[in-house]
Amino acid sequence: MTAYRDTYVGDLDADAAGKTVTIAGWASRIRDQGGVAFVDVRDASGLVQVVIAPDEVPELADVARNLRREYCVKILGEVRARPAGTENLDLPTGAIEIAAKTVEVLSTSQPLPFQLDDAVETDELVRLQYRYLDLRRDRMAANLKARSRVVAAIHHNLDSAGFMEVETPTLIKSTPEGARDVLVPSRHRQGHFYALPQSPQLFKQLLMVAGVDRYYQIARCYRDEDFRADRQIEFTQLDLEGSFWGQDEVLATIEAVVSDAVEAVRSAPLDLPLARMTYQDAMDRFGSDKPDLRFGMEITELSEVFAGSEFKAFASVVEGGGVVRAINIGASETSRSHLDGIIDRAKELGAKGLVWMVIEEGGEVRSPIAKFLEASELASITIAMDAGIGDVLLLVADESREASEVLGQLRLDHGRPAGHENLSFLWVTDFPVFDVTPDGGLVPAHHPFTSPRSVEELRESPETAVANAYDLVVNGVELGSGSVRIHDPAVQQEVFDILGIAPEEAHQRFGWFLEALRYGTPPHAGFAFGIDRLVSVLQNEPNIREVMPFPKTQTGLDPLTSSPSLVTAEQLAELGIELHPEVRETLEAHPAE
Ligand code: ASP
């Protein structure tokens, strides 16, 4: 195959016995047994056991003694069946071994900063500092491979379906997608900045104006958000758009792509079409716009039962326009301290309080509020909640949205399966056009280019207007979002008006885009989903960093290259930038950071 090898080790099996082969890879484990070294040699395809036996081949004595972990080696030897009883059934090459004739050390390795064994937990900072070693581990190598398969499946699917891959620039004018932009100073125009794209949103819309018809791109996106688990300042999306399209075309296209991507990793396609649920339904029944449907525990409405009850704390919430809702978390621990722990958790989630009920042997309801309720009211509750002996019910009284969100989170706390063995995909449709901020302002629920279902609704009641916007969810993880876009510049201006962006400001920020909409823009719609997210779910990984080749830490650091880093005074001067005196002082006080 090459001057270094004539086979990958993963291609060797019992049929290869008797053959002389040359392999190249790394000494991943070395066991010394009375002068004979048993070495697991790893290459990109797998592992094979090599026996270096100086008693049979005296020239190997030195190498048998001096070989160390992760030395890079080229070995020529004879494949032979392992002696009966020493086969390793866990290893695809476990029926054979290679008896070395020559061993050439291609390069040595320093002692490793951490064990490459998957079973050994290593601090993430150290793993990321030595990511090139971390990626040698089976788990990481499998993740990289899965990612590559997913991307290949996406290209294959969309290319066959007639999509055109188009690159869009990464040094752009800021696009409003709800996050903070990552800015890049311009040297030629001092004081001016490019933004890195939060997504190629407006460029893909321009491509629709340009007549591209169906576009896609595996696009790098940048969002300078506050650090949250499972977010990175840069990440990768499949970005897609089609003209003369509505929601149905987007959903069908994405379903086919995702199914192929899933099949590339999990060997089975998805059952299509995927389930759909409206945003309102998702919020009411699961308290989340990304419900995990692998388990039930749906939210039950109990407002009517409490409306006229003697339990005044709840009755008054209902009278004031609020709700009482509950979930049945099933048979669970019923000790007082455990139940009090759930109350604390509910408060931490923003609930004003929580009431628990336990269905005792004999059907009796144990609860701090049982004495305030009539037997018929208790019976209505247990029936509504389908409660059986031993079940624990959690009740919350609050404004509708708050109650559902707290219960939605408690539902996850108590019911969510660990990992992603099974996949439950779901479309959530009919999102609102706007989210209402705590101070009553409106912000786009998706982005400001999303079309309302009806312009009349938008005008009459923007805070409740429904958008042609949809999300794809898997196992409670939001994979991606999309929408039908506004293609009429007048409607686009109306949305800006509602958002409080005056025509002059809109002109200054997006004039170039509004101008483009005036040249016969076709109706269009699209979607984008996170490749990192999809691969992490498919690989059953707890966070996206595990499936990114060179991720940053959760606080945005790259410990491998020490980025972000300071730049020289000359570099700053060229850009016409000076550090703020306070920043300089802090840097002088803590020079290492
Ligand atoms: N640009 C959007 C995003 O990145 C996706 C879309 O609307 O197509 O979330």
Side-chain angles (χ1 to χ4, degrees), residues 154 158 163 165-170 172-182 195-209 212-225 228 230-243 245-255 257-258 279 289-290 427-435 443-453 466-474 477-487 492 495 510 513 517 521-534 544:
I154 291 172
L158 292 173
F163 281 73
E165 186 181 7
V166 186
E167 285 177 76
T168 53
T170 51
I172 65 167
K173 191 177 169 91
S174 153
T175 333
E177 297 246 6
R180 202 173 284 119
D181 283 319
V182 179
L196 300 181
Q198 295 185 32
S199 89
Q201 184 61 36
L202 294 185
F203 283 97
K204 69 174 168 178
Q205 292 193 238
L206 293 187
L207 290 173
M208 298 299 106
V209 181
V212 165
D213 201 56
R214 277 172 294 163
Y215 141 93
Y216 85 101
Q217 179 180 197
I218 308 265
R220 194 64 66 80
C221 304
Y222 305 85
R223 294 184 192 176
D224 190 0
E225 289 177 296
R228 274 195 269 161
D230 230 22
R231 296 263 163 147
Q232 286 268 301
I233 193 166
E234 59 177 308
F235 60 94
T236 308
Q237 283 188 345
L238 164 65
D239 191 47
L240 178 150
E241 195 81 8
S243 47
W245 267 17
Q247 170 172 311
D248 288 346
E249 288 76 21
V250 177
L251 268 49
T253 302
I254 293 292
E255 286 186 351
V257 171
V258 171
Y279 166 84
D289 60 2
K290 43 177 190 296
W427 287 110
V428 179
T429 64
D430 301 86
F431 272 80
V433 180
F434 302 108
D435 282 335
V443 290
H446 184 38
H447 51 55
F449 312 103
T450 296
S451 84
R453 197 171 50 184
V466 172
N468 290 312
Y470 31 81
D471 275 8
L472 181 61
V473 173
V474 60
V477 176
E478 182 197 318
L479 268 191
S481 311
S483 58
V484 177
R485 322 300 183 186
I486 297 168
H487 67 279
Q492 186 64 72
V495 169
F510 326 104
F513 177 70
L517 289 185
T521 301
H524 56 288
F527 199 77
F529 69 75
I531 306 252
D532 315 289
R533 291 251 173 103
L534 176 61
I544 58 174

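Residue numbers start at 1 and run along the sequence shown. One-based numbering, in listed order, for ligands and for the atoms of each.
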#### Entry: Parallel, tilted or perpendicular, as decided by the 30° and 60° cut-offs, for the rings of F431 and Y279
tilted
### Message
Does either side chain, that of Q237 or that of S199, offer a donor lying less than 3.5 Å from an acceptor on the other one?
### Response
no
#### Entry: Flag for N468-S483: side-chain donor and acceptor within less than 3.5 Å
no
### Task
Would you mind telling me if ligand 1 is within reach of the side chain of Q205, the backbone, both or neither, using heavy atoms under 4.0 Å?
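Looking at Q205 and ligand 1, no heavy atom falls under 4.0 Å.
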Considering the heavy atoms of [X], write down every atom of ligand 1 situated less than 4.0 Å from one of them.
{"X": "K204", "answer": "6 (C), 8 (O)"}
{"X": "F527", "answer": "8 (O)"}
{"X": "R485", "answer": "6 (C), 7 (O), 8 (O)"}

### Query
Can you name the residues that form a salt bridge (Lys or Arg N to Asp or Glu O under 4.0 Å) with D289, not counting sequence neighbours?
none
### Task
Just go through S481, A525, S199 and tell me whose heavy atom is the nearest to atom 5 (C) of ligand 1.
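Checking each option, the heavy atom nearest atom 5 (C) of ligand 1 is found in S481.
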#### Entry: Winner among Q201, R223, H447, E241 once heavy atoms are compared against atom 4 (O) of ligand 1
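Closest candidate by heavy-atom distance is R223.
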### Query
Under the 3.5 angstrom rule, does the side chain of E167 hit a backbone N or O of A219 as a donor-acceptor pair?
no
### Message
Determine whether a donor-acceptor pair (N or O, by modelled atom type, separation under 3.5 Å) exists between the side chain of D239 and the backbone of Q217.
### Response
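Between the backbone of Q217 and the side chain of D239 there is no qualifying donor-acceptor contact (under 3.5 Å).
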### Query
Is Q198 near ligand 1, meaning one of its heavy atoms is under 4.0 Å from it?
no
